[in-house]
Amino acid sequence: QLRQLLDGPRTPAPPRHANSPRPSKVQADELPRALAQHEFVNHYQPKVELATGRWVGVETLVRWQHPVHGLVSPDQFIGLAEEQGLIGELTRQVLRRALRDSREWTSQQRHLQVAVNISMDSLSALDFPDQIAAEAAAAGVALSSLVLEVTESRLMAHPLATVDALTRLRLKRVSVAIDDFGTGHSSLTQLRDIPFDELKIDRSFVHGAWRDASLRSIVESSLGLAGQLGMSTVAEGVEDEADWQLLRQAGCQLAQGYFIARPMPAEELDAWQLRWATRAAWLTGR
Ligand code: C2E
Ligand code: MG
Ligand code: MG
Ligand code: MG
């Protein structure tokens with residue numbers, strides 16, 4: 001299984017169409033078994049500082065190590081898990097593993113913020129902030145090293161419940177990020193009222209912005225807005241050097257994307273770090 005993780009083909013996510021949002025090869029009724037057997041694995045995608053190239057954190061991205069279909073992407077099962085009321089258990093498994101890995105990195109003197117994607121359904125559960133705190137305490141991880149990412153388009157469907165949960169999380173020093181920014185319909189008022197620490201510009205605006213004036217203006221105004229509201233900024237989908245240079249010049253703080261690293265199993269991070277150190281030195285001219 002490990003070999004398959006390391007060498008297995010990375011199947012690209014199938015395209016999504018309006019009338020078939022989840023062209024899933026996996027069956028809905030397989031999820032309870034998969035959760036019971038712990039078939040879900042965490043991959044991690046590094047986040048780095050654009051100005052310095054410094055590695056500052058990872059985003060946790062879940063995959064299903066399916067006995068027949070191999071590594072299945074989250075787009076094919078997160079929605080199913082939500083529909084079946086299983087997203088809470090899935091999130092718990094992903095979070096626990098991320099906290100255990102975080103603890104391990106800290107013991108190696110590696111200080112990384114660990115981001116976990118949170119579904120709206122979990123966020124609106126009343127005891128969610130307490131659950132997070134309990135899991136982190138059990139794992140011996142400081143809440144300040146945790147970032148919770150919530151997708152913009154889902155967020156605005158339930159603004160009241162989420163403001164409450166997000167406020168309570170931030171009181172516990174957990175950071176919260178608004179994910180896929182630009183794909184939802186948040187108003188400026190909502191953004192002002194919801195306490196985010198980090199704004200992640202959706203990759204559909206990032207890649208290729210250097211040769212497209214309208215994308216560039218979306219990127220620049222998102223950065224301006226985040227700056228005004230005191231949020232840090234992350235560009236998703238940095239896929240090539242031109243993307244990197246544009247975001248760096250535009251003053252974005254962090255970058256994530258295939259140009260830096262693909263999401264990978266925890267065991268591959270060491271080797272990536274070595275390769276990245278060389279590239280980062282070159283990219284930032286140090
Ligand atoms: P996301 O949180 O916006 O994560 C970023 C997605 O973009 C990931 O897809 C990542 O692999 C992909 N990506 C990263 N860099 C690049 C790039 O340079 N180019 C391109 N084209 N893509 C890039 P992935 O892993 O398939 O995850 C898809 C979505 O599934 C995530 O979007 C997130 O919303 C959701 N998801 C993943 N893990 C979890 C989880 O544990 N819980 C929940 N609730 N949702 C999750
Ligand atoms: Mg995310
Ligand atoms: Mg995103
Ligand atoms: Mg996304």
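Given the structure is predicted, the values throughout are model-derived calculations rather than measurements. When a ligand or atom number is given, it counts from 1 through the structure's own listing order.
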A student comparing E236, Q45, Q256 should find that the heavy atom closest to atom 15 (N) of ligand 1 comes from Q45
| Heavy atom of H43 under 4.0 Å from ligand 1? | no
When you check the gap from the basic side-chain N to the acidic O, do D270 and R110 get nearer than 4.0 Å?
-> yes
Q. Under 6.0 Å from the six-membered ring centre of Y258 and within 45° of its axis: does the NZ or CZ of R203 meet both?
A. no
The OD1(N117)-the Mg ion (ligand 2)-OD2(D179) angle, to 10°, is 90°
Note to self: Between K47 and E59 (salt bridge meaning N to carboxylate O under 4.0 Å), is one present in this structure?
What the structure shows: no
Is it the case that atom CZ in R92 sees more than 12 heavy atoms from other parts of the structure closer than 6.0 Å?
yes
**Prompt:** Out of curiosity, is E82 lining ligand 1, as in a heavy atom under 4.0 Å away?
**Reply:** no
The atom name of the N, O or S atom in D180 nearest to the Mg ion (ligand 3) is OD1
Nearest non-hydrogen contact to atom 8 (C) of ligand 1 from the set V72, V94, L61 belongs to L61
Checking heavy-atom distances from atom 26 (O) of ligand 1 to each of A98, A235, G237, P74, the winner is P74
Inset, instruction - Return a yes/no value for N117: is any of its N or O atoms, backbone included, closer than 3.5 angstrom to an N or O of ligand 1? - result: yes
Backbone of G184 reached by a side-chain donor or acceptor of E152 within 3.5 Å
yes
Can you check whether L50 reaches V238 side chain to side chain, under 4.5 Å on heavy atoms?
-> no
A student comparing E239, R203, K200, H207 should find that the heavy atom closest to atom 12 (C) of ligand 1 comes from R203
task = Taking atom types as modelled, find out whether E30 and H66 have a side-chain donor-acceptor pair closer than 3.5 angstrom.
result = yes
By ring-ring contact (aromatic ring centres under 6.0 Å, His included), F40 pairs with (sequence neighbours left out) W64, F77
Q. Would E236 count as a contact for the Mg ion (ligand 3), in the sense that one of its N, O or S atoms lies under 2.8 Å from it?
A. yes
Looking at E59, the N/O/S atom that lies nearest to the Mg ion (ligand 2) is called OE2
For E149, the N, O or S atom at the shortest distance from the Mg ion (ligand 2) is OE1
**Asked** Would one find an N, O or S atom of T151, in either backbone or side chain, under 2.8 Å from the Mg ion (ligand 2)?
**Response** no
Looking at ligand 1, would T91 count as a contact under a 4.0 Å heavy-atom criterion?
no
Polar atom proximity, I78 to ligand 1 (N or O, under 3.5 Å):
no
Using a plain distance cutoff, I'd like to know if S73 has any nitrogen or oxygen under 3.5 Å from a nitrogen or oxygen of ligand 1. no
By side chain to side chain contact (heavy atoms under 4.5 Å, CB included), D29 pairs with (sequence neighbours left out) Q27
### Message
Between W105 and Y44 (judged by ring centroids, cut-off 6.0 Å), do the two rings come close enough to count as a pair?
### Response
yes
Counting from 1 in the order shown, the ligand 1 atoms closer than 4.0 Å to a non-hydrogen atom of S119 are 44 (N)
